[in-house]
Number of protein chains: 2
Amino acid sequence: MGIKERKDRQKTEMREAILSAALKLFSGDGFDNVTMRRIAENIEYSVGTIYLYFKDRNEIFFELHKLGFEEFYKRQLAIQDVKDPLKRLTEHGLVYIQFAIDYPLYYDLMFISRIPGKTIKSQHDWKSGHRTYDLLKLNISQAKGAGYFKNVDIEVAAFSLWSFVHGIASLYVRDRMMIVPPEAVKPLVTGALKFIERAY
Amino acid sequence: MGIKERKDRQKTEMREAILSAALKLFSGDGFDNVTMRRIAENIEYSVGTIYLYFKDRNEIFFELHKLGFEEFYKRQLAIQDVKDPLKRLTEHGLVYIQFAIDYPLYYDLMFISRIPGKTIKSQHDWKSGHRTYDLLKLNISQAKGAGYFKNVDIEVAAFSLWSFVHGIASLYVRDRMMIVPPEAVKPLVTGALKFIERAY
DNA sequence: ATCAATATATGAACGTTGTTCATTTTTTAA
DNA sequence: TTAAAAAATGAACAACGTTCATATATTGAT
């Protein structure tokens, strides 16, 4: 009775085709470029068909945002072998910002855009977010064990560091850095990561 | 020959009427609520008329964003009389975040949204932004004079502090704080402002 | 192989949106 | 009073997300 299995497979294949078409349009020219009609055209199906696989346009973006979190988490895991807790935390920040630079549209979807925010009503859906946040808290508590963050609550430290790198990333992603000349951006960012170390 | 004057006056009156209608709709239900047709209905003119006073919808948002910056700057000036440089800087951050809480839609327009970002091509249009940034740098250099920020470049410090408060503000404005329980937000923010002081 | 039932796909239609522009109305100066 | 200039109109256009009656394809039973 492998027919049910095949149907399930075809269903996920279709969902993946839709998502990858959406991502292609997304990366091509940003948000507004991802229209239902263009997705349909891309996968060579009619518009209505998409609605058999996704509730609406938001659900597509929500699914993309989850894919983004996967890559995000992978990158953060990759630097967990850095021995020195201080270096690891700074690396953590660097990886965070680099992700925003490499995948500005993913970052947008994950941390800025309102589109998926509506779908994320319950904390439950933010699972992907919690996982990386826990990793940050772990690294902070280990740094604490090594003598850093004296008299600082871990929750406060985690929130502070997150806000810091998110601030940098979102200023970059949303083009609010023209206040500084373009060639100054990189040294400014590395300088900022050195600066925040003073608070550790 | 006061007729030219009257015409000019009427032109700015019309522009103001349009802007205030837009602001009303904006504050009412956010972004998507500000449609050209609704603005027109509100000022009791036809849609086409708006285009005689504004190039397009973006120009309306751009003008609103400038209004936001005025209130923003006013608030920041108001705390310049705080004597202690350290206290003044922290107050600066607090005022920044409080603005985002009080006028989330203005904040959005000014620092997050892409709508006015397109209109801001040249640095020239960001004048309102530069003014407040200069104020921050002034406060930092004065704190430097009082012994803080040793071995820290002012540009780096300014960028760091801005990123920090912007991170907090934009996480708040764009609803990315459900990772912490609602009642924990306030102590977290004040805690974060205490934390960043450690880097001064 | 046939056929009714079920699942899948279609695309015209609906109500929006921002923007344009030929037309009409109002205001101006002679 | 009237011709010219300025201001206002709103139907029309293309594009959008979404829905749904209709059509096609696939299924399992006869």
Side-chain angles (χ1 to χ4, degrees), chain A residues 1-19 21-26 28-64 109 113-119, chain B residues 1-19 21-23 25-26 28-65 109 113-119:
Chain A
M1 199 41 60
I3 146 167
K4 171 110 169 40
E5 278 75 4
R6 198 210 59 216
K7 289 234 163 166
D8 284 357
R9 200 168 353 113
Q10 282 178 339
K11 188 139 201 161
T12 68
E13 266 169 22
M14 189 61 155
R15 280 179 66 97
E16 277 165 12
I18 291 169
L19 286 177
L23 184 60
K24 201 164 81 185
L25 293 165
F26 192 45
D29 239 1
F31 237 78
D32 299 342
N33 203 36
V34 187
T35 72
M36 301 306 268
R37 282 172 179 81
R38 265 200 267 274
I39 292 174
E41 195 184 348
N42 218 282
I43 62 173
E44 296 179 296
Y45 277 80
S46 72
V47 235
T49 305
I50 302 176
Y51 288 87
L52 301 175
Y53 297 88
F54 290 93
K55 195 180 130 285
D56 55 19
R57 192 167 173 259
N58 278 352
E59 196 180 290
I60 295 175
F61 283 125
F62 183 67
E63 221 54 38
L64 283 182
L109 226 37
S113 172
R114 274 226 186 73
I115 312 288
K118 289 198 171 173
T119 321
Chain B
M1 197 43 59
I3 144 165
K4 172 110 168 41
E5 279 76 3
R6 198 210 56 213
K7 287 234 164 167
D8 283 357
R9 200 167 352 113
Q10 282 178 340
K11 188 139 199 159
T12 70
E13 266 169 22
M14 189 61 154
R15 279 180 68 97
E16 277 164 13
I18 292 169
L19 285 176
L23 184 59
L25 293 165
F26 192 46
D29 240 0
F31 237 78
D32 300 341
N33 202 37
V34 187
T35 71
M36 302 306 267
R37 281 171 179 81
R38 265 200 267 276
I39 293 174
E41 195 185 348
N42 218 282
I43 62 173
E44 294 179 296
Y45 277 80
S46 73
V47 236
T49 305
I50 302 177
Y51 288 86
L52 300 176
Y53 297 89
F54 290 92
K55 193 179 131 288
D56 55 18
R57 192 167 174 259
N58 278 352
E59 196 180 290
I60 294 174
F61 283 125
F62 183 68
E63 222 53 38
L64 282 182
H65 125 280
L109 226 38
S113 172
R114 275 228 185 72
I115 312 289
K118 289 201 172 172
T119 321

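These figures come from a predicted structure and were not determined experimentally. Chain identifiers are assigned alphabetically (A, B, ...) following the order of the sequence lines, protein sequences preceding nucleic acid strands; residue numbering begins at 1 within each chain.
- The distance from atom CG of Asp32(A) to atom P of dG18(C) is 13 Å, rounded to the nearest whole Å.
- A straight line from CD of Glu59(A) to P of dT18(D) spans 11 Å, rounded to a whole angstrom.
- Nucleotide dA7(D) holds its C1' atom 15 Å from the CD atom of Glu13(B), rounded to whole Å.
- Note on ring orientation: taking the six-membered ring where Trp is involved, the planes of Phe61(B) and Phe31(B) are parallel (angle under 30°, cut-offs 30° and 60°).
- For the pair Gly48(B) and Lys11(B), nearest-nucleotide mapping onto DNA chain D gives the more 5' position to Lys11(B).
- dT16(C) atom C1' lies 13 Å from atom CG of Asn33(B), rounded to whole Å.
- At dA8(D), none of the side-chain N or O atoms of Ser46(B) fall inside 4.0 Å of OP1 or OP2 (strictly under the cut-off).
- Among the nucleotides dT19(C), dG17(D), dA8(D), the one closest to the side chain of Tyr53(B) is dA8(D).
- To the nearest angstrom, C1' of dT24(D) lies 13 Å from CG of Leu52(A).
- In this structure, Asn33(A) contributes its side chain and Leu25(A) its backbone to a donor-acceptor pair below 3.5 Å.
- Residues Arg38(A) and Asp32(A) share a closest heavy-atom pair of NH2-O, 4.3 Å.
- At dC16(D), one or more side-chain N or O atoms of Arg38(A) fall inside 4.0 Å of OP1 or OP2 (strictly under the cut-off).
- Relative to the side chain of Arg37(A), the nucleotides dT10(C), dT18(D), dG18(C) differ in distance, and dT18(D) lies closest.
- Place Val47(B) and Gln10(B) on DNA chain C by their nearest nucleotides, and Val47(B) ends up nearer the 5' end.
- When the nucleotides dG17(D), dG10(D), dA8(D) are ranked by their closest atom to the side chain of Thr49(B), dA8(D) comes out on top.
- Here the side chain of Arg57(B) pairs no donor or acceptor atom with the backbone of Met36(B) at under 3.5 angstrom.
- Between Tyr45(B) atom OH and dT25(C) atom P the separation is 17 Å, expressed in whole Å.
- Although no hydrogens or angles enter the test, the distance criterion places no donor-acceptor pair under 3.5 Å between the side chain of Asn42(B) and the main chain of Ala21(B).
- The side chain of Tyr51(A) sits closest to dG17(D) out of dG17(D), dT17(C), dT10(C).
- Atom pair Asn58(A):CG and dC16(D):P shows a separation of 16 Å (rounding to whole Å applied).
- Per the geometry, CZ belonging to Arg57(B) stands 12 Å off C1' belonging to dT19(C), to the nearest Å.
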